[in-house]
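What follows is one structure encoded as structure tokens, with my remarks underneath.
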Amino acid sequence: MSQDINTPVAVSKTRRVIKNLRWYMLVLFLLGVTVNYITRNSLGILAPELKTSLGITTEQYSWIVGAFQLAYTLFQPLCGWLIDVIGLKIGFMVCAGVWALMCILHAGAGSWIHLAILRFMMGASEAAATPANAKTIGEWFPKSERPVAAGWAGVGFSIGAMLAPPIIYFAHASFGWQGAFMFTGVLAVLWVILWWAFYHNPDKHPNLSSTELDYIRQDNEPPAVKLPFFTALKTVSKNKRFYGIAIPAFMAEPAWAVLSFWVPLYLAKDHGMDLKQIAMFAWLPFLAADLGSVASGYLTRVYTRFFGCTRINSVVASSVTGAFLMISLAIVAFTRDPYITIALISIGGFGHQIISCMLSALVVESFDKGQMATVNGMRGSAAWIASFLFSLLIGVTADKIGFNPLFIAMGFFDLIGAVFLVMFIAERRTARN
């Protein structure tokens, strides 16, 4: 998982040096994103009961989901800029504290409007996760390790979704749906405490050796430049490479929105599964997504070693591979077997996370440290615009035409995005970096 660094664990009078500390910081971030997705996906798992208990229609549920997605869309660039300006530790901690509180307050919801307001606030604060991802990788890893680090960081985005069904099921069985929201909110509070206690940037971390700090800085990147919010947006929007990342993100995100918010409802509606059955099977696509996250970074090494791709082209090739795997979602429309359906959706989860992790890797490859969180926030906004619109489309069409046409569309969206990725990002030269 990393290059060997001859930095022994040593105890001095002033500090304890920890070998390969950058990977421990990545694990700490990964844990936070895991909790982020557990709190986020609690709504989708509880959706069948919430619809009954609160008298929510499918269209009203789509507005609840849409409120979260709209806030997530609007606030990602702002959260990214905030993290770039005030720092990863404080910026991410404040946002995490807000999303923890909003999750706990879900327990008091009495109507779909109340839930929609809470989900909007939660989406605004959870929007920090995507830009914080790029910032963590950019601060703690040299360029040679960033694709692999991006793959491992992506695990947090899917492992939380994978763990959500069983955790929510058991919390619901013990405390009811209100208690399930409170339980996941408390998990988020505990992580905020861990982040405050143990995260520092590389320049100030008391347990980082000078040898490892030099290793992290080996690319001699210029110091981060902090820009005013609108200046930062304008600067990024003039860069053609941003659109090579943002358009594929726009095409990819509807599939992840369906996995996160709609698959439990789809399994209940089209396959007659109850909450226990959903808890047994709905986590499998996210397990596959975890495997896709980890595999993505190592796949770039395969393309580099065996096909002679440059570092950028190896990342592009990995993302295109993920786009072809997404065709499995189109096949879902042609099977009625619930187990084959889960398997096909799982292949889609695997492919999606390859794409998502590689787009994050391209952000840290293509932009300087002072822009990484802002750019990844803007990339996230492009993605969540599509997510928001697609959820509203599902809300007004699912009861009329079913989910099958939507699965067919999702199967081919990423191939369209791959065309723009190749056009704007791929390098037209054979020389290796």
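Going from atom NE2 of H106 over to atom CG of L101 covers 11.0 Å, rounded to the nearest 0.5 Å. Note that OG1 of T73 is 8.0 Å distant from CG of L389, once rounded to the nearest 0.5 Å. To the nearest 0.5 Å, atoms CG (L26) and OG1 (T136) are separated by 7.5 Å. Going from atom CG of L82 over to atom CG of L88 covers 10.5 Å, rounded to the nearest 0.5 Å. Remark: M122 CE to I117 CD1 distance equals 15.5 Å, nearest 0.5 Å. Atom CG in L31 sits 10.0 Å away from atom CG in L190 (nearest 0.5 Å).
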Exercise. Stepwise, does the ring pair (Phe, Tyr, Trp, His ring centres under 6.0 Å) test hold for H172 with W177?
Worked result: CA-CA 5 Å; H172 172 269; W177 67 262; 9.0 Å; no
For this session: For F403 and Y266, run ring pair (Phe, Tyr, Trp, His ring centres under 6.0 Å): C-alpha distance rounded to whole Å, both residues' side-chain angles, the deciding distance at 0.1 Å, then the answer.
Result: CA-CA 7 Å; F403 284 87; Y266 165 72; 5.2 Å; yes
Exercise. Given W152 and S293, is the side chain to side chain contact (heavy atoms under 4.5 Å, CB included) satisfied, shown in steps?
Worked result: CA-CA 6 Å; W152 282 100; S293 295; over 6 Å; no
For this session: Please report the C-alpha distance between R22 and E145 in whole Å, then the side-chain angles of each, then the deciding distance to 0.1 Å, and finally whether the salt bridge (charged side-chain N to carboxylate O under 4.0 Å, His left out) criterion is met.
Result: CA-CA 11 Å; R22 64 196 185 283; E145 285 187 336; 2.9 Å; yes
For this session: Check the pair F92, Y199 against ring pair (Phe, Tyr, Trp, His ring centres under 6.0 Å), reporting the backbone distance first and the verdict last.
Result: CA-CA 11 Å; F92 199 31; Y199 185 84; 8.9 Å; no
For this session: Evaluate side chain to side chain contact (heavy atoms under 4.5 Å, CB included) for L406 paired with F390, printing each intermediate quantity in order.
Result: CA-CA 9 Å; L406 304 170; F390 202 73; 4.0 Å; yes
Problem set entry | ring pair (Phe, Tyr, Trp, His ring centres under 6.0 Å) between W262 and Y61, worked out | CA-CA 10 Å; W262 291 98; Y61 177 71; 5.3 Å; yes
Exercise. Would F388 and V65 count as a side chain to side chain contact (heavy atoms under 4.5 Å, CB included) if you check the C-alpha gap in whole Å, the side-chain angles of each, and the deciding distance to 0.1 Å?
Worked result: CA-CA 8 Å; F388 170 67; V65 173; over 6 Å; no
For this session: Check the pair V363, I245 against side chain to side chain contact (heavy atoms under 4.5 Å, CB included), reporting the backbone distance first and the verdict last.
Result: CA-CA 8 Å; V363 170; I245 297 169; 4.1 Å; yes
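Using a 4.5 Å cut-off on side-chain heavy atoms (C-beta onward), S237 and F242 make no contact. The shortest distance between side-chain heavy atoms of Y169 and I45 does not fall below 4.5 Å. Here the side chains of F286 and N41 are in contact, with some heavy-atom distance below 4.5 Å. Residues F413 and F250 are not in side-chain contact: their nearest non-hydrogen atoms beyond the backbone lie 4.5 Å or more apart. Counting heavy atoms from C-beta outward, R119 and M102 have side chains that stay 4.5 Å or more apart. Side-chain contact between F420 and Y243 is absent, with no heavy atoms from C-beta onward closer than 4.5 Å. Side-chain atoms of T374 and M378, non-hydrogen and from C-beta on, do get closer than 4.5 Å to each other. Side-chain contact between T310 and T304 is absent, with no heavy-atom pair separated by less than 4.5 Å.
Checked by atom type and distance alone, the side chain of D414 never pairs as donor or acceptor with a backbone atom of M326 at under 3.5 Å. A distance-only check finds no donor-acceptor pair linking the side chain of S319 to the backbone of M358 [under 3.5 Å]. Side chain of Q353 to main chain of G292: no donor-acceptor pair is present (N/O by atom type, distance under 3.5 Å, no hydrogens or angles). Using a distance-only test at 3.5 Å, with no hydrogens or angles considered, no donor-acceptor pair links the side chain of S387 to the main chain of A383. Remark: side-chain polar atoms of T235 are paired, donor with acceptor, to backbone N or O of T231 under 3.5 angstrom.
Closest of all the heavy-atom pairs between N376 and P131 is CB-CA, 3.9 Å. Of all non-hydrogen atoms in F181 and L43, the two that sit nearest each other are CE2-N, 4.1 Å. Heavy atoms only, all atoms of each residue included: M182 and A107 are closest at CG-CB, 3.5 Å. Across all non-hydrogen atoms, the minimal contact from A150 to I137 is CA-CD1, 3.4 Å. In terms of heavy-atom proximity, A333 sits nearest to I408 at CB-CG1, 3.6 Å. Of all the heavy atoms in V315 and A361, the pair that sits closest is CG1-CB, 4.3 Å.
By the 6.0 Å and 45° rule, K89 stacks over the aromatic ring of W196.
Between T39 and E126, the side chains place a donor N or O and an acceptor N or O closer than 3.5 Å (distance only, hydrogens not considered). For the residue pair N313 and R311, no side-chain donor N or O sits within less than 3.5 Å of a side-chain acceptor on the partner. In this structure, a donor-acceptor pair under 3.5 Å is absent between the side chains of R301 and Y298. Defined by atom type and a distance below 3.5 Å, a donor-acceptor pair is missing between the side-chain atoms of S314 and R305. Side-chain contact, Q69 with S391: a donor N or O sits under 3.5 Å from an acceptor N or O. Side-chain N/O atoms of S360 and N133 include a donor and acceptor closer than 3.5 Å.
Under 4.0 Å is where a charged nitrogen must lie from a carboxylate oxygen, and between E212 and K19 no such pair does. Between K143 and E365 there is no salt bridge, since no side-chain nitrogen of the basic residue lies less than 4.0 Å from a carboxylate oxygen of the acidic one.
By the neighbour-count criterion of 12 heavy atoms within 6.0 Å, atom CH2 of W63 is sparsely surrounded, having that number or fewer from other residues, nucleotides or ligands. Atom OH of Y24 is surrounded by 12 or fewer heavy atoms from other residues, nucleotides or ligands within 6.0 Å. Environment of CE in M273: crowded, with over 12 heavy atoms of neighbouring residues, nucleotides or ligands closer than 6.0 Å.
The aromatic rings of Y72 and F68 sit parallel, their planes meeting at an angle under 30°, below the 60° perpendicular limit. Using cut-offs of 30° and 60° on the angle between ring planes, the pair F141 and W23 is perpendicular. Under the 30°/60° scheme for interplanar angles, the aromatic rings of Y339 and F281 are found to stand perpendicular.
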